[in-house]
J.: 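Mind having a look at this structure? Questions to follow.
These numbers come from the heavy atoms of this one structure, side chains and all, not from hydrogens, waters or symmetry mates. The chains referred to below are lettered A, B, ... by the order of the sequence lines, with proteins before strands, and numbering in each begins at 1. Just so it is clear, the model here is predicted, and its values are computed rather than measured.
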Protein chains: 2
Amino acid sequence: MTSTTARASERALADLRAAILDGDLAAGAHVGEVETAERLGLSRTPVREALTRLAAEGLVELEAHRGARVTRFSRDDLDGIFDVRLALEPRATARAATHATPADLDALEALARRMQELGAPGPDQDLDALVDLNRDFHARLLELAHAPALAAALANVVHTPVVTRTFRAYDPASLARSLAHHVEIVAALRAGDGDWAGAVMRCHLGNARAVMVGPR
Amino acid sequence: MTSTTARASERALADLRAAILDGDLAAGAHVGEVETAERLGLSRTPVREALTRLAAEGLVELEAHRGARVTRFSRDDLDGIFDVRLALEPRATARAATHATPADLDALEALARRMQELGAPGPDQDLDALVDLNRDFHARLLELAHAPALAAALANVVHTPVVTRTFRAYDPASLARSLAHHVEIVAALRAGDGDWAGAVMRCHLGNARAVMVGPR
DNA sequence: GCACCCTAGGTTGCACACAACATCGGGACG
DNA sequence: CGTCCCGATGTTGTGTGCAACCTAGGGTGC
């Protein structure tokens, strides 16, 4: 009993999403239904359903009778995504100050500190591991905001791992700043200061935008 | 040739969305696949696809083996939705100031004035007609922002007609304010003043929130 | 009288088959 | 030599059948 979710469409969805987010499916790549179905040992039906949902998320684009392609993000798209993040994530972060329990904060701090370790220059540096931890950090923060509509708005636009697919683009100074921001956010939350926490998040995103999309 | 989109799933999607938004399908109502398929003269397959997409939009909720239900919005949900709108729509409105052409503004102004006519107390008052016009006004404004990511974030959360399903909830003073806001937004855009336009949008949403969800 | 089980009905989930459409190649014509 | 037409091929779109699952109702044992 390998606790399979049993639902075939869920598996197809998870698999395709992971493949896109991990970069196994390059941007612009064609995603065939039969090909995917055979790879997963399913029929086309659940694969179709998964593709439909991914299209709604914006990860793939569907063209009639021409199939699905992994969405290609232009520089302007990235910039627009950061606009949305800047409008919503600081607000969510501020709200988290009201709802986070000490246990939540401990978990966040553990994540933030672990990321600092992994990001520190040296033999133990592991920039690839940062991607998942970063995703986790932001996801937890968003959850702590207790604002489902806000989370939904973000989720459907900002596919963090597509945006932050790698930390290799960061120069050492920017990377250090970014990881320090995480720690500072936790500190602000511990102080119960939503404004502070939100401000740090704005810095965090500004820093990231500069790295990812370049000067404005 | 009645320019039917030919695509069955598109028809199912459009029909179901309209049914939900117009209130023909009440919140919480069960949407059966066979029932819908028979009503539209289609098979279950395109209906399934339509339901999947509606679920991604948040208009219906899918439970495994239990089918689809029209999403029910709680007071807190509504409040959260207004939070998102307040974070994004003023920004979009401000951006519209940069991109709108005189022709765009003329079209917007025509809409705004028509809404004032239809909303004015008297025998010609038609509150129901306002719903579609209002949807159109906000949609055009959003389009003028030239910010696809922002529009996507909003679209997937704020189903205007679900939120603003009716203008009957407005008291006369609030209604007059709301309709005046539309006109003022156009004026601000004509002046090329994005900050002003954004501020009016904030007022507009604040007014709407007070009416729709009550005092904070 | 109450709790539990078990069967029957109806719904969704998936697989498969066929039809419609888009693309790409060769061949004929100008 | 270039252009247009047309068929071959592979893809997606839709219809249908069956299996899995959830839910409700009656019956049985306590």
Side-chain angles (χ1 to χ4, degrees), chain A residues 1-21 24-72, chain B residues 1-20 24-72 152:
Chain A
M1 281 300 190
T2 50
S3 92
T4 55
T5 313
R7 303 248 290 129
S9 62
E10 298 287 341
R11 272 196 303 154
L13 182 66
D15 182 280
L16 281 175
R17 180 151 38 199
I20 295 172
L21 267 37
D24 296 342
L25 284 170
H30 179 84
V31 185
E33 295 181 2
V34 290
E35 164 202 348
T36 307
E38 285 176 3
R39 182 163 58 80
L40 297 176
L42 304 169
S43 90
R44 279 176 48 216
T45 309
V47 173
R48 269 186 79 77
E49 183 169 334
L51 284 174
T52 303
R53 292 168 71 173
L54 287 174
E57 283 182 31
L59 283 180
V60 302
E61 288 171 339
L62 260 44
E63 286 171 292
H65 292 283
R66 294 186 50 186
R69 297 194 163 281
V70 179
T71 306
R72 204 186 284 277
Chain B
M1 278 305 184
T2 49
S3 91
T4 54
T5 313
R7 303 247 289 127
S9 62
E10 299 289 338
R11 271 196 304 154
L13 182 65
D15 182 279
L16 282 175
R17 180 154 36 200
I20 295 172
D24 297 342
L25 283 171
H30 179 84
V31 185
E33 293 181 3
V34 290
E35 163 201 349
T36 307
E38 285 177 2
R39 181 162 58 80
L40 297 176
L42 304 168
S43 89
R44 279 175 49 215
T45 308
V47 173
R48 267 185 81 76
E49 183 167 335
L51 284 174
T52 303
R53 292 168 70 174
L54 287 173
E57 284 182 30
L59 282 180
V60 303
E61 289 170 338
L62 259 43
E63 287 171 293
H65 292 283
R66 293 187 50 187
R69 297 193 164 281
V70 179
T71 306
R72 203 187 285 277

J.: Hey, what do you get for CG (A/L16) to CG (A/L21), rounding to the nearest 0.5 Å?
T.: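 These two atoms lie 11.0 Å from each other.
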J.: At less than 4.0 Å, is any side-chain N or O atom of A/R7 found next to OP1 or OP2 of C/dG13? Yes or no.
T.: yes
J.: Starting at NE2 of A/H65 and ending at P of C/dA19, how long is that distance when rounded to a whole Å?
T.: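 The distance from NE2 of A/H65 to P of C/dA19 comes to 15 Å, rounded to the nearest Å.
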J.: Please figure out whether B/G67 or A/L42 has its closest DNA chain C nucleotide nearer the 5' end.
T.: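 Nearest nucleotide further toward 5': that of B/G67.
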J.: Tell me, which of residues 44-63 of chain B have any heavy atom that sits under 4.0 Å from an atom in DNA chain C?
T.: B/R44, B/R48
J.: List in numerical order all residues of residues 30-41 of chain B for which some heavy atom is under 4.0 Å away from an atom belonging to DNA chain D.
T.: none
J.: Is the phosphate of D/dT14 approached by B/S9 (side-chain N or O, under 4.0 Å from OP1 or OP2)?
T.: yes
J.: For B/R72, does the CZ atom have more than 12 heavy-atom neighbours from other residues, nucleotides or ligands under 6.0 Å away?
T.: no
J.: Could you list the donor-acceptor pairs under 3.5 angstrom formed between side-chain atoms of residues 49-58 of chain B and any protein atom two or more places apart in sequence or on another chain?
T.:
residue, atom, partner, partner atom, Å
B/E49, OE1, A/R48, NH2, 3.1
B/T52, OG1, B/R48, O, 2.9
B/E57, OE1, B/R17, NH1, 2.9
B/E57, OE2, B/R17, NH1, 2.5

J.: Between atom CZ of B/R11 and atom CG of B/L42, what is the distance when rounded to the nearest 0.5 Å?
T.: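 Rounded to the nearest 0.5 Å, the CZ-CG separation comes out at 5.0 Å.
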J.: Shortest non-hydrogen contact from B/A12 to B/P46?
T.: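 Smallest heavy-atom distance, with atoms named: CB-O, 4.1 Å.
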J.: Nearest heavy-atom pair of B/H30 and B/E35: which atoms, and what distance?
T.: O-OE1, 4.4 Å
J.: Indicate the atoms forming the closest heavy-atom contact of B/L62 with B/A68, along with that distance.
T.: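 Of all heavy-atom pairs spanning B/L62 and B/A68, the closest is CD1-CB, 3.5 Å.
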J.: For A/A64 and B/R7, work out which heavy atoms get closest and say how close.
T.: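 Residues A/A64 and B/R7, closest heavy atoms: CB-NE, 4.1 Å.
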J.: Do the side-chain N or O atoms of A/R66 get closer than 4.0 angstrom to the phosphate oxygens (OP1, OP2) of C/dT23?
T.: yes
